[in-house]
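Following: one structure in structure tokens, then a few remarks.
Reminder, nothing fancy here: chain letters follow the sequence lines and each chain counts from 1.
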There are 2 protein chains.
Amino acid sequence: MNHNDLKKNELTNQYYYGTDQFLVAVDCMIFGFDLRDEKLKVLLFKRLVEPFYGEWSLIGSFVRSDEGLDDAAKRVLLELTGLKTVFLEQYKSYGQIDRDPGARVISTTFWSLIKIEELDLGLIESHGAKWFTFDEVPHLVLDHKKMLKDVKTLLTKKVRYQPLVFELLPEKFTMPQLFKLYQEIYQRSLDDRNFRKKIISTRLLLRLEEKDKGSSRKGAYLYQLNRERYDELIEDGFDFDL
Amino acid sequence: MNHNDLKKNELTNQYYYGTDQFLVAVDCMIFGFDLRDEKLKVLLFKRLVEPFYGEWSLIGSFVRSDEGLDDAAKRVLLELTGLKTVFLEQYKSYGQIDRDPGARVISTTFWSLIKIEELDLGLIESHGAKWFTFDEVPHLVLDHKKMLKDVKTLLTKKVRYQPLVFELLPEKFTMPQLFKLYQEIYQRSLDDRNFRKKIISTRLLLRLEEKDKGSSRKGAYLYQLNRERYDELIEDGFDFDL
DNA sequence: GCAAAAGTGTTACTGATACACCCATGA
DNA sequence: TCATGGGTGTATCAGTAACACTTTTGC
């Protein structure tokens, strides 16, 4: 920020800002992995108020003068999902003059990865929210579709360098679930033997004695994330090209 | 953005925004590689106006109502460097309540990689600007030091996955120059034989017949960037872990 | 002829790919 | 006993890491 645009009040000899002011909003994209149909989904909202009544949009809010951008995003996420400690990261700000025909609004976007099963379904329904696969995403208000597309691209790229996928899985998960999630994100089929070797070599996983018999008679071993190793790889990055 | 915060004028039956407004600024970080001392540097500005007279800061400006965020960043960069077609990317927005004690300002940061030798030195001096190595960076106003630190970290990470370094080199450059640049960014010494093999295997380089005799009697071959391959790797990413 | 920087190759090892069958269980 | 999904191993190939000497040329 540059204060060249300050003006001086010659009476009080004090400086004041003579420049334009803007409405500032945050918009959140919430992603989840639905273990039932093994699809990556995004949570969208049917607007129940004017303007844009009945249209789908991201969830957002104007920023208030008593909160920072990150606070506003956390507030929105909490109100909607009841979740506090989730992966939430700031992405770009969108500030095209004409992005909102109603008023000049600068919007800072955030994206969040959550564990779908931790979500209170009643809470999201009461907010008019619904999970969509990316094929099903309807028309969205303003430039929300562009925002979503940009963040989806970012997610796909980031997953290659950071083990973010674990934010989308429950505490205990099976190898086939993890495998399906990677296939879903990369949008192609992978060799499952090589996948197992590679993911095991990252030392991110801890195999439990328990099995999950939910999807087969034989049952699949449950795994847990090695949290220290996770933090290490989030920080340092890894190459998980498949 | 969510329009729940809209208020309705019961007389006109029209909606209007009743929420808080903010000053919005852009702040730019400009990086260059100085071929003379083979150091990565950042361009900083000595403020010649109040407030913060005489202190160092990033270059920035308030956003005007007739321009988008990206436009504002381009304008700042153009005014300062005279450069139009450079690498310029948006990074985070900073919106802590108390980040600017003078007023509530939301600042969107941008970072740029430029070829130092394309810069008009007179122009930057007249703006009170100076190149600093990262060891030499002085105290900066507001949260600019934090911004710089965050972007520096981002740059170091990104360089591993995208061939961004070429934005910092002239059209024609030598292998030793490229090698020194990588060492400078990664902050460690690399094996030069393996480095050559690896960078050549990316097919990013085109070796010219000319030699640059600026730094040795023998002379070093000049290389040019293979632009198509560059675009491809910027898009798809590569793993340049060394 | 020597100082200073540029350029080059081989071997050993590690990780990646490609590929097909047996296992455990409940119905 | 059979259908379903889960789990495993090996051989080949490609890429990485470690390592030291020769070349060029202006002074």
Side-chain angles (χ1 to χ4, degrees), chain A residues 35-39 160-161 163 169-170 172-184 186 188-224 229 233 236-242, chain B residues 35-39 160-161 163 169-170 172-184 186 188-224 229 233 236-242:
Chain A
L35 290 168
R36 291 164 306 182
D37 59 4
E38 289 158 345
K39 294 275 188 191
R160 183 170 154 190
Y161 306 121
L169 290 169
K172 296 178 182 179
F173 52 88
T174 68
M175 192 64 86
Q177 286 170 341
L178 180 58
F179 179 64
K180 300 267 179 50
L181 175 50
Y182 267 107
Q183 289 196 133
E184 172 71 3
Y186 287 158
R188 66 197 159 87
S189 57
L190 305 169
D191 180 287
D192 102 310
R193 283 163 293 184
N194 292 337
F195 175 81
R196 280 167 190 261
K197 266 179 288 183
K198 187 147 184 177
I199 196 77
I200 286 169
S201 78
T202 63
R203 295 183 284 120
L204 280 163
L205 300 184
L206 182 66
R207 189 167 99 170
L208 306 176
E209 290 308 310
E210 301 170 72
K211 283 192 164 191
D212 169 51
K213 299 217 169 182
S215 70
S216 77
R217 311 194 199 290
K218 183 177 177 182
Y221 283 108
L222 284 165
Y223 288 81
Q224 245 181 342
R229 182 65 178 152
L233 291 187
D236 300 344
F238 72 152
D239 185 40
F240 209 71
D241 195 17
L242 290 169
Chain B
L35 290 167
R36 291 164 306 180
D37 59 4
E38 291 159 343
K39 294 274 190 193
R160 185 172 153 188
Y161 306 120
L169 290 169
K172 297 177 181 181
F173 52 87
T174 68
M175 191 64 87
Q177 286 170 342
L178 180 59
F179 178 65
K180 300 266 179 50
L181 175 50
Y182 267 107
Q183 289 196 134
E184 173 71 2
Y186 287 158
R188 67 196 158 86
S189 57
L190 305 168
D191 181 287
D192 104 310
R193 284 163 292 183
N194 292 336
F195 175 81
R196 280 170 190 259
K197 267 178 288 184
K198 188 149 185 174
I199 196 77
I200 286 168
S201 78
T202 62
R203 295 183 284 119
L204 279 163
L205 300 184
L206 181 65
R207 190 167 99 172
L208 305 176
E209 290 308 310
E210 303 169 70
K211 283 191 165 195
D212 169 51
K213 298 215 170 186
S215 71
S216 78
R217 311 197 200 289
K218 184 178 176 180
Y221 283 108
L222 283 165
Y223 289 81
Q224 244 180 345
R229 183 65 177 152
L233 291 185
D236 300 344
F238 71 152
D239 185 40
F240 209 73
D241 194 17
L242 290 168

Next item on the list: Give a yes or no on this: more than 12 heavy atoms of other residues, nucleotides or ligands lie within 6.0 Å of atom NZ of A:Lys39.
Entry: no
Check: Can you give one letter per nucleotide of nucleotides 18-27 of chain D, going 5' to 3': B for a protein heavy atom under 4.0 Å from the base, S for sugar-phosphate only, - for none?
Finding: BBB--BBBBS
Check: Could you state the CD1-P distance from A:Ile199 to D:dG6, rounded to the nearest angstrom?
Finding: 17 Å
Item checked: Protein-nucleotide distance (A:Tyr221, atom OH; C:dA24, atom C1'), rounded to Å -> 10 Å
Check: B:Tyr223 vs B:Phe173 aromatic rings, parallel, tilted or perpendicular, using cut-offs 30° and 60°?
Finding: parallel
Notebook entry, point to check: Do any side-chain nitrogens or oxygens of B:Ser215 fall under 4.0 Å of OP1 or OP2 in C:dA6?
Noted result: yes
Next item on the list: Hey, which sits more toward the 5' end of DNA chain D by its nearest nucleotide, B:Ser201 or A:Lys180?
Entry: A:Lys180
Notebook entry, point to check: What is the distance from CG of A:Asp212 to C1' of D:dT4, rounded to the nearest Å?
Noted result: 15 Å
Next item on the list: Would you mind reporting whether B:Asp239 and A:Asp241 have side-chain heavy atoms less than 4.5 Å apart?
Entry: no
Item checked: Nearest-angstrom distance from the residue atom CG of A:Leu178 to C1' of D:dG6 -> 15 Å
Check: How long is the span from the CD1 atom in B:Ile199 to the CG atom in B:Leu178, to the nearest 0.5 Å?
Finding: 5.0 Å
Note to self: Tell me the interatomic distance from A:Phe195, atom CZ, to D:dG7, atom C1', rounded to whole angstroms.
What the structure shows: 14 Å
Check: Starting at CG of B:Leu222 and ending at P of C:dA5, how long is that distance when rounded to a whole Å?
Finding: 18 Å
Checklist line | Gap between atoms CZ and P, on A:Arg196 and C:dA16 respectively (whole Å) | finding: 18 Å
Next item on the list: Evaluate side-chain contact (heavy atoms from CB on, under 4.5 Å) for A:Thr202 paired with A:Phe238, printing each intermediate quantity in order.
Entry: CA-CA 9 Å; A:Thr202 63; A:Phe238 72 152; 4.0 Å; yes
Note to self: So which atom in A:Asp236 and which in B:Tyr161 form the shortest heavy-atom distance, rounded to 0.1 Å?
What the structure shows: O-OH, 4.5 Å
Next item on the list: Write down the distance between CG (B:Asp239) and C1' (C:dT14), rounded to a whole number of angstrom.
Entry: 15 Å
